[in-house]
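Structure first, commentary second.
Keep in mind the model is a prediction, meaning the values are calculated, not measured.
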Amino acid sequence: MSILTYSAWWDRLADEFDVVAVDLPNHGGSDAARHVTTVSQHVGFFAKILDHFDLAHPHFIGPDIGTPMALRFMADTPGRLKSATLGDAGCVGVVEGAWLFRKLVYSHIMRLVVLSAGGAIGGRIYCAVANAIGYRLSRPTAAAKADYLAGSTNFAKLRGQVGFLGSYPNETPSLQDDVLKIKTPVQVLHGEFDTFVSVFNSRRLDDLLLNSRFALIEGAGHYAWEDAAEDYFARVLAFIAEVEGESEDVKQ
């Protein structure tokens, strides 16, 4: 995964807003960082990003691994984000999904198996599985696919990626309670045919949040924001416009 996953629509997003796109540690073009592996450690890194770019009250778009990170951040730092578009992730309570996903989360042995093959082999297998089940309507561009592969065939990065999933058992149970405190508007989107991460995770999140909406991205697989880019982008713009409109009403 890398920020190139949004390349189908980030230029148009930049026509409407000032956009800051950052690869999280151990992903895409960012460096490997053994000290930034767990969900909570990523929250600390994310806070530094906001401070570095002086982002006082931004809208956040971060499905998949960005979801548990953003939820923990919003629970611990109320009001810092203006809105969040999340989804296609296991994030609260016991995560549900395909056998491989659950094993990567809950089985230390499975994570060791992936890593034991080394970055060159383990990373290729990891990417091949993700690409095979992540798309139904489209395929990643050659540049994006190369970036995904480069990120996962680096052993240090792959270790961080599977380590992030391995932190879920210590992170998602407390999130199930803590998301009840979040008042920030949240849009939860999930690919209709995501067979890797069960839609049950997103429906449960939407049920728990105080100020949220849920929608399926019709026809899309796990990487819904890339697989059905136009539908996803339209929903992002509409949601942000609605949140901005509500803010203006409050000011008046």
Side-chain angles (χ1 to χ4, degrees), residues 1 3 6 10 13 17-28 30-31 33-93 95 160-161 163-190 201-202 204-214 225 235-236 239-251:
M1 184 57 62
I3 54 176
Y6 301 103
W10 66 1
L13 190 65
F17 307 97
D18 294 325
V19 174
V20 175
V22 179
D23 277 323
L24 292 175
N26 303 307
H27 291 81
S30 287
D31 293 335
R34 195 164 190 170
H35 64 289
V36 185
T37 299
T38 69
V39 171
S40 292
Q41 288 169 343
H42 276 77
V43 169
F45 181 83
F46 179 62
K48 292 178 181 178
I49 293 175
L50 297 184
D51 292 342
H52 177 79
F53 289 103
D54 195 25
L55 301 173
H57 203 202
H59 298 281
F60 176 80
I61 304 168
D64 201 346
I65 65 168
T67 295
M69 183 202 71
L71 291 171
R72 171 50 60 199
F73 180 81
M74 289 188 288
D76 293 347
T77 316
R80 183 70 189 271
L81 298 183
K82 196 164 190 177
S83 78
T85 294
L86 312 172
D88 284 285
C91 50
V92 289
V95 301
Q161 292 165 22
F164 183 85
L165 294 176
S167 76
Y168 280 23
N170 293 323
E171 302 272 2
T172 61
S174 59
L175 273 174
Q176 181 160 332
D177 295 324
D178 291 344
V179 296
L180 298 172
K181 303 182 293 185
I182 296 173
K183 298 180 181 179
T184 302
V186 176
Q187 176 172 227
V188 183
L189 303 177
H190 204 103
N201 299 285
S202 287
R204 178 169 50 189
L205 174 61
D206 179 55
D207 288 341
L208 290 170
L209 289 167
L210 298 173
N211 185 10
S212 66
R213 65 169 60 172
F214 170 81
W225 56 95
R235 291 178 185 277
V236 166
F239 182 61
I240 292 175
E242 182 178 321
V243 172
E244 289 289 340
E246 291 173 354
S247 297
E248 289 300 318
D249 290 341
V250 171
K251 291 178 183 178

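- Under the 3.5 Å distance criterion, the side-chain polar atoms of His42 are left unmatched by any main-chain donor or acceptor of Ala70.
- A donor-acceptor pair is defined here as one N or O able to donate and one able to accept, closer than 3.5 Å; such a pair exists between the side chain of His27 and the backbone of Pro25.
- Asp207 is linked by a salt bridge (Lys or Arg N to Asp or Glu O under 4.0 Å) to nothing, counting only residues two or more places apart in sequence or in another chain.
- Scanning both residues, His190 and Ser202, for their nearest heavy atoms gives ND1-OG, 2.7 Å.
- Put simply, the side chain of Ser167 gets close to the backbone of Val39: a donor and an acceptor are under 3.5 Å apart.
- Applying the 6.0 Å contact sphere to CG of Asp51 captures more than 12 heavy atoms from other residues, nucleotides or ligands.
- Residues passing the salt bridge (Lys or Arg N to Asp or Glu O under 4.0 Å) test with Arg213 are Glu242, sequence neighbours excluded.
- For the pair Val179/Val186, no side-chain contact is recorded, criterion being any heavy-atom separation below 4.5 Å from C-beta on.
- Pro58 and Arg80 make their closest contact through CD-O, 3.5 Å (heavy atoms, listed as atom of the first residue, atom of the second, distance).
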Could you list the donor-acceptor pairs under 3.5 angstrom formed between side-chain atoms of residues 43-50 and any protein atom two or more places apart in sequence or on another chain?
none

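- In terms of heavy-atom proximity, Ser30 sits nearest to Asp23 at OG-O, 2.5 Å.
- Considering CG of Asn211 and CD of Gln187, their distance stands at 12.0 Å, rounded to 0.5 Å.
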